Novice: 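One structure, as structure tokens, below. Some questions next.
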Amino acid sequence: MAEKEVKAGFSHSHNLEQYVLLAKSARGAGLVALINQALEAPGVFVFGELLEMPSVKELENSENAAYWKLLNIFAFGTYGEYKANSSSLPALTAQQLKKLRHLTIVSLAAKSKFIPYSLLLQELDIKNLRELEDLIIDAIYADIIHGKLDQKNKQLEVDFAIGRDITPETVDRVTEVLQDWCEGCESVLRSIEKQIQRANSHKEKKQKQKSQVEVEVENLKKVIKASSQSDLDSGAVSGMPAAYHSQQYQQKAPTTTKTKGLRGSGKVFQVRR
């Protein structure tokens, strides 16, 4: 089978609270034992709150500083970092080793959705491919990643990975990015406001032009109406319409025949005109 898919439910919970509460009163060897327990505990994959405890911070400048460094690697680092500094760090138990490798896979998944087997073998210091796939399946069942084992292309395809602790330096970078984003949003908003103002100004101008045209059209109608009325009035005399005078003229036109008698030879001739 070229591709294996393993899914796990989102039942995982980061149960660090009990260790944080115990760290309030733990000191010395008791605190070291508490840190070791937290690093081995199933379901505990974030350690930021534990690192913030005053008693844990005091370890940095104590004889147990190595455990403070180890806790920081589990919170922010990878197995490669542990291996590079293993001579000055406590040895890992089998459970701690598996967890740190799981956390390393999570860190790689945060950078790329497709992780080549070759990179995983190198970063996790594993020589056997079967051992690598078993480790990945364990991480999927632990619900810290979801994905597929693509044996054909020899890579891990990641669909989901939990978030790890964030270093103070990362917080500062995130703050800067968010600040830049906010400034960009404000710039966009200012640009939108200007566009709205221009649109409103253009709308107001067009409205004024429309009103002006309507007034001019109305005035033109009045002029045309007045001119038409003037033309009608010009054809009337003494208040009588022109058609009436035309009719009178026709009635006065000659309609009778006049006869003149010519006297001469005793005959009377009638000449019609």
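Start at 1 with the first residue, then count along the sequence. Computed from a predicted model, the values in this text were never measured in an experiment.
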Novice: Ignoring hydrogens, what is the shortest heavy-atom contact between Ala161 and Ile145? Give both atom names and the distance.
Specialist: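 Heavy atoms only, the tightest pair is CB-CG2, 4.0 Å.
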
Novice: How does the hydrophobic cluster around Val177 look, that is, which other residues are in it when side-chain heavy atoms under 4.5 Å mark a link?
Specialist: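 Hydrophobic cluster check, Val177: no partners found.
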
Novice: Between Lys154 and Asp150, is there a side-chain N and carboxylate O pair less than 4.0 Å apart?
Specialist: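 Answer for the salt bridge query: no.
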
Novice: What's the separation between atom CD in Glu81 and atom CG in Asn72, rounded to the nearest 0.5 Å?
Specialist: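 With rounding to 0.5 Å, CD (Glu81) is 10.0 Å from CG (Asn72).
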
Novice: Which atom names give the shortest non-hydrogen contact between Arg27 and Lys24, and what distance separates them?
Specialist: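 Residues Arg27 and Lys24, closest heavy atoms: NH1-O, 3.5 Å.
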
Novice: Out of curiosity, Glu193 CD to Glu186 CD, how far, rounded to the nearest 0.5 Å?
Specialist: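 Going from CD on Glu193 over to CD on Glu186, the span is 10.5 Å.
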
Novice: For the atom pair NZ (Lys83) and CD1 (Ile73), what is the distance rounded to the nearest 0.5 Å?
Specialist: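 Spacing of NZ (Lys83) from CD1 (Ile73) equals 14.0 Å.
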
Novice: Could you list the donor-acceptor pairs under 3.5 angstrom formed by side chains in residues 39-55, with sequence neighbours left out?
Specialist:
| from | atom 1 | to | atom 2 | distance (Å) |
| --- | --- | --- | --- | --- |
| Glu40 | OE2 | Thr93 | OG1 | 2.8 |
| Glu52 | OE1 | Lys57 | NZ | 3.4 |
| Ser55 | OG | Ala23 | O | 2.6 |

Novice: Would you name the heavy atoms of Glu131 and Asn128 that are closest together and state the gap between them?
Specialist: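 Nearest heavy atoms, Glu131 then Asn128: N-OD1, 3.1 Å.
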
Novice: Are side-chain heavy atoms of Leu135 and Lys98 found at a separation under 4.5 Å?
Specialist: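 Side chain of Leu135 against side chain of Lys98, heavy atoms only: contact under 4.5 Å found.
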
Novice: First locate atom OG1 of Thr78, then atom CZ of Arg101, and finally report the distance between them rounded to the nearest 0.5 Å.
Specialist: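 It is 12.0 Å, given to the nearest 0.5 Å.
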
Novice: Determine whether the side chains of Tyr117 and Gln151 contain a donor N or O and an acceptor N or O closer than 3.5 Å.
Specialist: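 Side-chain D/A pair, Tyr117 to Gln151: absent.
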
Novice: Would you tabulate the side-chain donor-acceptor contacts of residues 104-116 under 3.5 Å, counting partners in other chains and residues two or more places apart, or write 'none'?
Specialist:
| from | atom 1 | to | atom 2 | distance (Å) |
| --- | --- | --- | --- | --- |
| Thr104 | OG1 | Tyr79 | N | 2.8 |
| Thr104 | OG1 | Leu100 | O | 2.8 |
| Ser107 | OG | Leu103 | O | 3.3 |
| Ser107 | OG | Arg164 | NH1 | 2.7 |
| Ser112 | OG | Phe114 | N | 3.2 |
| Ser112 | OG | Phe114 | O | 2.9 |

Novice: In the structure I gave you, are the side-chain heavy atoms of Leu31 and Leu34 within less than 4.5 Å of one another anywhere?
Specialist: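 Heavy-atom side-chain distance check passes, below 4.5 Å.
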
Novice: Which ILVMFWY residues can you reach from Leu21 by hopping between side chains whose heavy atoms are under 4.5 Å apart?
Specialist: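 None; Leu21 is a cluster of one.
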
Novice: Taking all atoms of both residues into account, what is the closest heavy-atom pair of Trp68 and Leu59, and its distance?
Specialist: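 Shortest heavy-atom separation between Trp68 and Leu59 comes out as CB-CB, 3.9 Å.
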
Novice: If you look at every heavy atom in Phe160 and Val158, which pair is closest and at what distance?
Specialist: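 In this case the closest contact between Phe160 and Val158 is O-CG1, 3.4 Å.
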
Novice: Search all heavy atoms of Ala91 against all heavy atoms of Tyr82 and return the closest pair with its distance.
Specialist: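 That would be CA-OH, 3.5 Å.
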
Novice: Just distance, no hydrogens or angles: give the donor-acceptor pairs under 3.5 Å from side chains in residues 198-216, sequence neighbours left out.
Specialist:
| from | atom 1 | to | atom 2 | distance (Å) |
| --- | --- | --- | --- | --- |
| Asn200 | ND2 | Ile196 | O | 3.3 |
| Ser211 | OG | Gln207 | O | 3.0 |

Novice: Would you compute the distance between atom CG of Asp159 and atom CG of Leu156 and round it to the nearest 0.5 angstrom?
Specialist: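 If I round to the nearest 0.5 Å, the distance is 9.0 Å.
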
Novice: Begin with the C-alpha distance, continue with both residues' side-chain angles, and end with the deciding distance and a verdict on side chain to side chain contact (heavy atoms under 4.5 Å, CB included) for Ile136 and Leu149.
Specialist: CA-CA 8 Å; Ile136 294 172; Leu149 297 175; 3.5 Å; yes

Novice: What is the distance from atom CG of Leu121 to atom CG of Leu132, rounded to the nearest 0.5 Å?
Specialist: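 With rounding to 0.5 Å, CG (Leu121) is 5.0 Å from CG (Leu132).
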
Novice: Would Tyr67 and Asn36 count as a side chain to side chain contact (heavy atoms under 4.5 Å, CB included) if you check the C-alpha gap in whole Å, the side-chain angles of each, and the deciding distance to 0.1 Å?
Specialist: CA-CA 8 Å; Tyr67 288 93; Asn36 279 322; 3.6 Å; yes

Novice: With sequence neighbours left out, what residues match Ile224 under side chain to side chain contact (heavy atoms under 4.5 Å, CB included)?
Specialist: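 If we apply the side chain to side chain contact (heavy atoms under 4.5 Å, CB included) test to Ile224, skipping adjacent residues, the hits are Leu220, Ser228.
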
